[in-house]
Amino acid sequence: MTNAMVFPNRRLRPTPYSNRLDQAGVTYYTVYNHMLLPTIIQSMEEDYRHLKQYAQIWDVSAERQVEIVGPDARKLATRISARDLSGAVPGRCYYAPITDGQGGMINDPIALCLAEDRFWFSTADSDLGLWISGIAHGLDLNVQVFEPDVSPLAIQGPMTEDLMADVFGPQIRDVKFFRFARFEFSGRQLVIARSGWSKQGGFEIYLDDGTLGEALWDLIAEKGADYNLRPGCPNLIERVEGGLLSYGNDMTRSETPLEVGLDRYCQLDTGHKFIGRDALLRQRDQGITRKIVGVKVQGSDLSPVMHPVRYDMLSRSVGMVTSSVYSPDVGDNIGFAMVDIEEAATGTVTSVSTAEGRRDALVCDLPFL
Ligand code: THG
């Protein structure tokens with residue numbers, strides 16, 4: 001890897017909160033949907049400890065929205081998603097695997113049903129908008145598909161609810177997990193959902209006017225002083241502990257939702273018709289030949305990694321570790337591995353090669369915590 005700076009140009013888009021983050025200081029960024037997404041603020045372990053105790057403000061603008069609106073919006077949303085969205089209810093969020101014709105994962109967005117004829121797909125790192133536009137065009141559907149000016153700001157951590165109540169009023173407490181409601185900010189009605197890419201609880205504010213980013217950040221930062229609020233970001237240790245898979249790292253277009261344990265978000269038995277259904281039904285009938293599992297890697301702490309590393313499993317070349325990190329709260333090196341189905345049973349002992357040498361690894365249930 002390189003320590004060179006990244007040259008700013010039009011392809012690398014700023015976010016409405018970029019200036020505030022720069023001022024706070026970020027140690028590492030990654031690139032996600034053609035934007036910068038922080039990976040480490042202070043250190044991976046300090047960020048992790050703080051996230052599990054207080055409240056953090058995360059610039060997750062890189063989780064871009066693809067908006068689908070129009071008379072055929074529901075039809076299109078349903079056709080592209082392994083999760084049946086035909087009965088989606090306004091005010092709800094749905095974790096929705098998107099698959100290609102072979103069942104390969106295109107993306108794993110959260111779908112927000114905004115109205116009977118209007119959806120947002122809050123995307124992981126792939127150009128989902130191009131896929132959806134192409135399908136809308138190919139099927140000659142009466143919809144508009146575009147990327148709106150929406151930049152999610154996540155507030156995560158155990159103290160989040162009290163902070164959000166101070167900022168937006170006590171009614172925020174009534175918003176249930178994976179539901180959203182609208183709350184006033186600067187004359188706008190912002191979508192705020194109880195969701196976010198951590199297991200510490202929290203909300204996501206879908207700011208729909210980028211010019212208001214700094215004002216929103218400053219308001220929350222001001223009230224956040226009482227809760228030891230700090231800038232944060234999705235944290236590798238916390239998300240592996242919680243069993244949250246990262247698209248592009250733990251799953252790609254080469255894996256299906258059945259192989260990465262997302263079966264429960266795919267409706268294969270209800271007559272729900274979507275792109276990839278036949279391939280997934282075939283795979284289910286034949287049985288999957290590999291699967292994502294949790295692994296505990298024995299021995300001393302693995303060095304912290306800025307990005308999930310792929311460690312080939314040496315012994316019988318049964319698969320690969322897709323993400324791994326030392327977890328202070330588990331007290332072990334933990335990770336995800338894609339392994340042959342024969343090796344996937346909990347309790348199986350296998351062997352992995354790491355930057356620190358060859359180690360024994362134990363297959364575990366997910367989540368770790
Ligand atoms: N928030 C928003 N957009 C996103 C993400 C997000 N886009 C990219 C990426 N994250 C999408 N992937 C996920 C994966 C898991 C979850 C959310 C987004 C998640 N899962 C819950 C869990 O595992 O506990 C369960 C959800 C359910 O059962 O319905 O939260 O984070 N805006």
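All ligand and atom numbering here is 1-based and tracks the order in the structure.
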With a 4.0 Å heavy-atom cut-off (strictly under), which part of [X] contacts ligand 1: side chain, backbone, both or neither?
X: Ser122; answer: both
X: Trp120; answer: neither
X: Asp108; answer: both
X: Leu244; answer: side chain

Going by distance alone, is a donor N or O of one side chain under 3.5 Å from an acceptor N or O of the other, for [X] and [Y]?
X: Asn19; Y: Glu214; value: yes
X: Glu147; Y: Gln65; value: no
X: Ser126; Y: Asn107; value: yes

Are Arg290 and Glu343 close enough for a salt bridge, meaning some N to O gap below 4.0 Å? no
Using 30° and 60° as the class boundaries, would you call the ring planes of Tyr265 and Tyr95 parallel, tilted or perpendicular? perpendicular
Of all the heavy atoms in [X], does at least one lie under 4.0 Å from an atom in ligand 1?
X: Trp58; result: no
X: Lys199; result: yes
X: Gly196; result: yes

Nearest non-hydrogen contact to atom 30 (O) of ligand 1 from the set Tyr247, Tyr94, Tyr95, Phe178 belongs to Phe178
From the list Asp127, Ile80, Leu128, side-chain contact (heavy atoms from CB on, under 4.5 Å) partner of Ile106 resolves to Leu128
